[in-house]
Amino acid sequence: MSLIKQLTLTYPPARREDVVDDYHGTLVADPYRWLEDPHSPETQNWVAAQNELTLGLLHEVPARARVKARLTQIWDYPKYGVPWRRGGRTFFNKNDGLQNQAVLYWQPHDAAEPQALLDPNTLTPDGTAAVTNQVVSRDGQLLAYAVSQSGSDWQTVRVRQVDTGQDLADEVLWCKFAGIAWKPDNSGFFYNRYPEPGTVPPEAQHTHNRVFFHQLGTPNAADPVVYERPDAPELAFAPFPSEDDAYLLLYVWRGTDVQNRIYYRPIDGDGDFVRLLDDADAMYNFITNVGPVFYFHTDLDAPRGRIIAIDITTPERSAWQEIVPEQADVIAFVSAVNNQLVVAYMQDAHHILRVFQLDGQFDRDIPLPTIGSIMGLSGRLADSDMALAFTSYLF
C-alpha cells in the first residue's frame, strides 16, 4: 500500500449542518450532529461508504490474510469473567473464544452444569446489540439487563426469569448510563434515565437525570419519579442498594468530574433522600455497610486513597472514623468479604492484595501468582470466599 495511493483517496463527503449551541453565552458549532443518529439512512449510508473505502485498501495488503489467521489462532481460547453469587446461585460470563460478546451463564449450585442465561450475540440478526449492564436480584431469581443498539449510549432495560430463561413483558426505555437496584421483594427496581429525545431542547438532552421505580407488570410510562433535582439539572444519579438491602443509595456525579456525592434513604417507603456527602469535594466509593455504619474508599485529604467509616446516626465530619489511613501505595479498589476489607493496592505498576479487619487492623497479605493485575474481584460481606481474575505477562 503506497503512500501516493493513500494521499489520492477520495473520502465519502460528510454533510455539514448549521447547528450551533449556546452554552451560557459561548457558541459551540456542531455541524456533524446528524451523525449521532446511528439509525438514520443517511448515517448508515455514510458508514457503509467509509467501510467500503477502508476494506478496499486493507484487502490489498499481502500480509493481511496471514496476520488475520495468526490473530484468530491466538484469540481462540475460552475467556471467563469473575463469577458472583446471588441467592446461592453462581453467575459468570464466558466467551468460548471467538464470540463477539461473552455469554452469561448460571448454576443452581457449584456442582451443576452451567446453563446459558443471556447470549448477547443472538439478540439481533446483525449482532450489533450489546448488553451494557446486568443486575441479578438478591435471591437469584430475576435478571435485569440493559441493551444498547449499534453502539448507541441509549439503553433498553428488560427482565429475564433465571429459571426459565424467558423475558417478562417489562421494558424500560430511554436509559443511558443507568444504574439498576432491585427491591428485596423482587417487586421491581430503581433506575435512572434522561429525558426522552424530542421532549426537551437538544442542549438539555443530557441533563435533568431522574431516578424512577419500575414495578414489574406495569407500563414504563407509569413509572413514578423517585428523585430529581430540578435546581441542579446537570447532576446525574445511579441508584444501588446497600449490602443489607436496608438502604437505597445514589451515586451522584456531574459530567466527568471524579468528585462525586452520595445520597441515601431507606429502600422501603418513599421518604426523602439524605444528602450524606453533598460537597463534591472528593471521590467517595461506597464499599459496604454494617447497619448504619457506611464504609467508603475516598481520596479526601489522601491523594493515594484511604478508607473511612461514617455512622449515619452521627454523620458530622468530626465523628468520621479513619479505618485504613493513606499508605505509600495507591488504593486501586476495595471489596468487603468475610466481614473484612480486601484492599488492592497499585505498587510499582502491579497489584498487591491486603486484608484488614473492619476496625482497620491489618490482617494479612494475599499472595498473587506473580507480578500482574487483578482484572476483577467478587464477594460479599457475609461470604467466606471470594473470586478474582488475574492477568500477567509472566505466566
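All values below come from the heavy atoms of this structure, side chains included, with hydrogens, waters and symmetry mates left out.
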Which pair of heavy atoms, one from [X] and one from [Y], lies closest together, and at what distance?
| X | Y | result |
| --- | --- | --- |
| I308 | I323 | C-CG1, 4.0 Å |
| R306 | V324 | CB-O, 3.2 Å |
| D245 | I267 | O-CG2, 3.0 Å |
| P197 | W154 | CG-CZ2, 3.6 Å |
| I310 | P315 | CG2-CA, 4.2 Å |
| P120 | V131 | CG-CG2, 3.6 Å |

Give a yes or no on whether the backbone of [Y] and the side-chain of [X] come within a donor-acceptor separation of less than 3.5 Å.
| X | Y | result |
| --- | --- | --- |
| W106 | R89 | no |
| Q101 | A129 | yes |
| D299 | A302 | no |
| R193 | A178 | no |
| S378 | R85 | no |
| E326 | R304 | yes |
| N192 | F237 | yes |
| Q215 | S187 | no |
| Q107 | A112 | yes |
| H351 | I374 | yes |

Quick one: do [X] and [Y] end up in the same hydrophobic cluster if we chain Ile, Leu, Val, Met, Phe, Trp and Tyr together by side-chain heavy atoms under 4.5 Å apart?
| X | Y | answer |
| --- | --- | --- |
| L35 | V47 | yes |
| Y227 | V274 | no |
| L388 | Y80 | no |
| F213 | V157 | no |
| V334 | V330 | no |

[atom2] on [Y] to [atom1] on [X], rounded to 0.5 Å:
| X | Y | atom1 | atom2 | result |
| --- | --- | --- | --- | --- |
| R66 | L71 | CZ | CG | 11.5 Å |
| S137 | D185 | OG | CG | 10.5 Å |
| Q155 | L173 | CD | CG | 12.0 Å |
| R254 | T207 | CZ | OG1 | 11.5 Å |
| I307 | L341 | CD1 | CG | 5.0 Å |
| T218 | D170 | OG1 | CG | 6.5 Å |

Scan side-chain atoms only and decide if Y145 and D167 contain a donor-acceptor pair under the 3.5 Å cut-off.
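Note: Y145 and D167 side chains meet the donor-acceptor criterion.
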Which of parallel (below 30°), tilted (30 to 60°) and perpendicular (above 60°) describes [X] and [Y]?
| X | Y | value |
| --- | --- | --- |
| F286 | F240 | tilted |
| F92 | Y105 | parallel |
| Y191 | F212 | parallel |
| Y264 | F294 | perpendicular |
| F91 | W84 | parallel |

Close side-chain approach of [X] to [Y], heavy-atom, < 4.5 Å:
| X | Y | result |
| --- | --- | --- |
| V136 | W182 | no |
| R261 | L235 | yes |
| S392 | H350 | no |
| Q361 | F356 | no |
| E322 | D301 | no |
| L353 | V342 | yes |
| L216 | N186 | no |
| Q340 | M386 | no |

Is [X] atom [atom1] crowded by more than 12 heavy atoms from other residues, nucleotides or ligands, each under 6.0 Å away?
| X | atom1 | answer |
| --- | --- | --- |
| R64 | CZ | yes |
| D76 | CG | yes |
| K68 | NZ | no |
| D385 | CG | yes |
| E52 | CD | no |
| Q321 | CD | no |

Chi angles and distances behind the side chain to side chain contact (heavy atoms under 4.5 Å, CB included) call for L249, L276:
CA-CA 10 Å; L249 292 97; L276 178 65; over 6 Å; no
When you look at D21 and R33, which way does the side chain to side chain contact (heavy atoms under 4.5 Å, CB included) test go after all the steps?
CA-CA 11 Å; D21 294 322; R33 180 169 293 167; 2.2 Å; yes
With sequence neighbours excluded, what pairs up with D279 under the salt bridge (Lys or Arg N to Asp or Glu O under 4.0 Å) test?
R317
Sequence neighbours excluded, which residues qualify as salt bridge (Lys or Arg N to Asp or Glu O under 4.0 Å) partners of E228?
R210
Apply the test side chain to side chain contact (heavy atoms under 4.5 Å, CB included) to residues W174 and N220: give CA-CA distance (whole Å), side-chain angles for both, the deciding distance (0.1 Å), then the verdict.
CA-CA 10 Å; W174 306 119; N220 186 191; 5.7 Å; no
For L27, the other hydrophobic cluster members (4.5 Å side-chain criterion, sorted by chain and number) are V20
Start with the C-alpha distance between D270 and R265, add both sets of side-chain angles, then the distance that settles salt bridge (Lys or Arg N to Asp or Glu O under 4.0 Å), and finish with yes or no.
CA-CA 8 Å; D270 55 0; R265 72 162 214 201; over 6 Å; no
Could you give me the CA-CA distance, side-chain angles and deciding distance for Q357 and D363, then say whether side-chain hydrogen bond (donor to acceptor under 3.5 Å, both in side chains) is met?
CA-CA 6 Å; Q357 300 299 330; D363 185 84; 2.9 Å; yes
Let me know which of L358, N289, L381 forms a side-chain contact (heavy atoms from CB on, under 4.5 Å) with Y295.
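Answer to the side-chain contact (heavy atoms from CB on, under 4.5 Å) test with Y295 among L358, N289, L381: L358.
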Q141/Q161 under side chain to side chain contact (heavy atoms under 4.5 Å, CB included): CA gap, chis, key distance, verdict
CA-CA 6 Å; Q141 299 288 331; Q161 295 173 318; over 6 Å; no
